[in-house]
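Values below: every heavy atom of this structure, side chains too, minus hydrogens, waters and symmetry copies. Remember, predicted model here, so these are calculated numbers, not experimental data.
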Amino acid sequence: MLRRALPARPEARRILVGTLLSAVGRGLTLPFLFIYLTDVRGLTDARAGLVIGWFGAVTLALSPLGGTLIDRFGARRVVLPCLVVEAVGTGSLALVDSTASAFGVMTLVALGSSAIWAGQNTILASLTGDGERQRVFGLNFALLNLGIGVGGLISGAVVDVARPATFQAIYVLDAVSYLTPALILLTLPHVGRRPATTAVPEGGVTPVSGGYLTVLRDRPFRRLVVFGLVLTTCGYAQIEVGFAAYSVRVVEVTPRVVAWALAANTVMIVLSQLLVLRRLEERSRTGALATVGAVFAGAWLVLGAAGVVGGGNAVLAALGVVACSAIFGFGETMLSPVMPALTNALATDELRGRYNAMSSMIFGISGVVGPVTAGPLIGAADGRVWVAVVVGGCLVASLLALSLRPLLTQAQDGRPARGPEPVPVA
């Protein structure tokens with residue numbers, strides 16, 4: 001299954017190696033930024049939260065510009081400097097000693113990260129054909145989670161709040177990890193350049209037909225964006241705040257159980273991704289997205305049941321929290337290959353950077369809306385309102401996914417052609 005999931009072109013395989021190596025570095029620091037800023041550098045909880053929120057806001061604001069630059073100059077010319085800026089910013093976190101310096105460094109990190117995801121997806125899409133793209137994006141997601149999991153295990157055994165040098169070391173190693181995909185891209189001089197079919201004038205800038213307005217006029221993609229916003233707001237965005245808060249305050253489990261649950265999520269993704277990729281072949285992408293919404297809703301229902309059990313049975317409550325996270329991870333294994341594959345099936349070569357940038361912005365927008373709404377909802381009716389909202393939102397996302405099918409061709413939907421191709425709804 002691994003051989004089947006690997007892309008045919010060796011350049012794409014090397015890009016995946018870069019994903020894995022950089023993910024290990026990301027895993028070293030991902031769980032500890034808030035703890036580092038508060039317990040090691042002395043920022044208050046409120047100021048640390050503002051710093052982290054500022055990073056998300058800057059990244060979201062710059063993402064559209066990143067998509068435009070990718071389309072004009074090619075992904076290579078955008079991703080390479082962004083990786084270097086990201087490395088410098090991440091390494092500079094080791095030197096943060098005040099609120100002002102934290103804001104400055106996180107601005108630099110946001111500047112680097114604003115176009116990396118869209119650029120790397122654009123590069124992978126350019127190196128793969130329609131038939132293998134879905135498998136490659138799924139494998140990329142599995143490698144990303146594997147790397148983050150390995151990095152988290154390493155840093156969890158090393159970092160110590162009483163020894164600031166341990167945190168400084170992991171941020172330096174994270175910075176080095178961002179240079180590995182940059183070095184790999186430098187060894188591939190013809191990868192990530194502007195589409196050869198696009199004429200380049202004397203000024204050296206690629207003329208791009210249309211812009212974000214052209215992307216937004218794409219009715220199937222608009223429907224896909226709405227689906228993504230609803231699903232991620234009621235799904236992904238709730239993992240960081242809603243899931244943890246409900247588990248600790250309503251289910252009454254310890255933070256250690258939450259950590260076990262997140263580990264179960266990673267294990268589920270790494271172990272099941274290749275199996276899921278095999279089952280998704282020649283199946284409707286919109287059907288898979290609808291299934292994701294149903295799986296996410298099922299995960300939240302399991303967590304709600306754990307909340308009903310509460311402190312009455314600590315073991316059963318803990319199992320419910322872990323099971324919720326594992327079920328959620330299974331849904332992620334379907335979403336991760338299908339969403340980018342469908343995005344790039346709808347995109348044109350000239351606007352592929354903008355399509356991928358808008359797709360990445362979905363997670364940025366929901367990352368702001370989800371945490372803001374989770375707190376008040378969990379505080380209402382012992383969390384039952386929150387459970388009802390996120391379950392209902394995931395099911396609405398399933399309906400949106402099904403409504404997208406008539407707007408797609410069989411090829412865009414990933415279905416094998418059987419007879420004459422019906423004309424998508426205008």
Going by atom types alone, do [X] and [Y] pair a side-chain donor with an acceptor below 3.5 Å?
X      : Y      : value
Glu332 : Asn265 : yes
Arg285 : Gln134 : yes
Thr286 : Asp413 : yes
Arg26  : Ser177 : no

Okay, side chain of [X], backbone of [Y]: is any donor-acceptor separation there less than 3.5 Å?
X      : Y      : value
Thr68  : Pro64  : yes
Thr232 : Gly235 : no
Arg76  : Leu188 : yes

To check you understand the geometry: which heavy-atom pair defines the closest contact between [X] and [Y], and what is its length?
X      : Y      : result
Thr333 : Ser272 : CG2-OG, 3.5 Å
Ile170 : Ser155 : CG2-CB, 4.4 Å
Ala326 : Met268 : O-CG, 3.3 Å

Q | For Asp160, side chain to side chain contact (heavy atoms under 4.5 Å, CB included) partners two or more places apart | A | Ala162, Arg163, Thr166

Q. Asp130: what forms a salt bridge (charged side-chain N to carboxylate O under 4.0 Å, His left out) with it, not counting sequence neighbours?
A.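 Listed in chain order: Arg133.
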
Q | Neighbour count >12 (heavy atoms, 6.0 Å) for atom CZ, Arg223 | A | yes

Q: Please indicate whether Phe330 has more than 12 foreign heavy atoms, meaning atoms of other residues, nucleotides or ligands, lying under 6.0 Å from its CZ.
A: no

Q) Under 30°, 30 to 60°, or over 60°: which ring-plane class applies to Trp300 and Phe243, parallel, tilted or perpendicular? A) tilted

**Q.** Parallel, tilted or perpendicular: ring planes of Tyr36 versus Tyr171, cut at 30 and 60 degrees
**A.** tilted

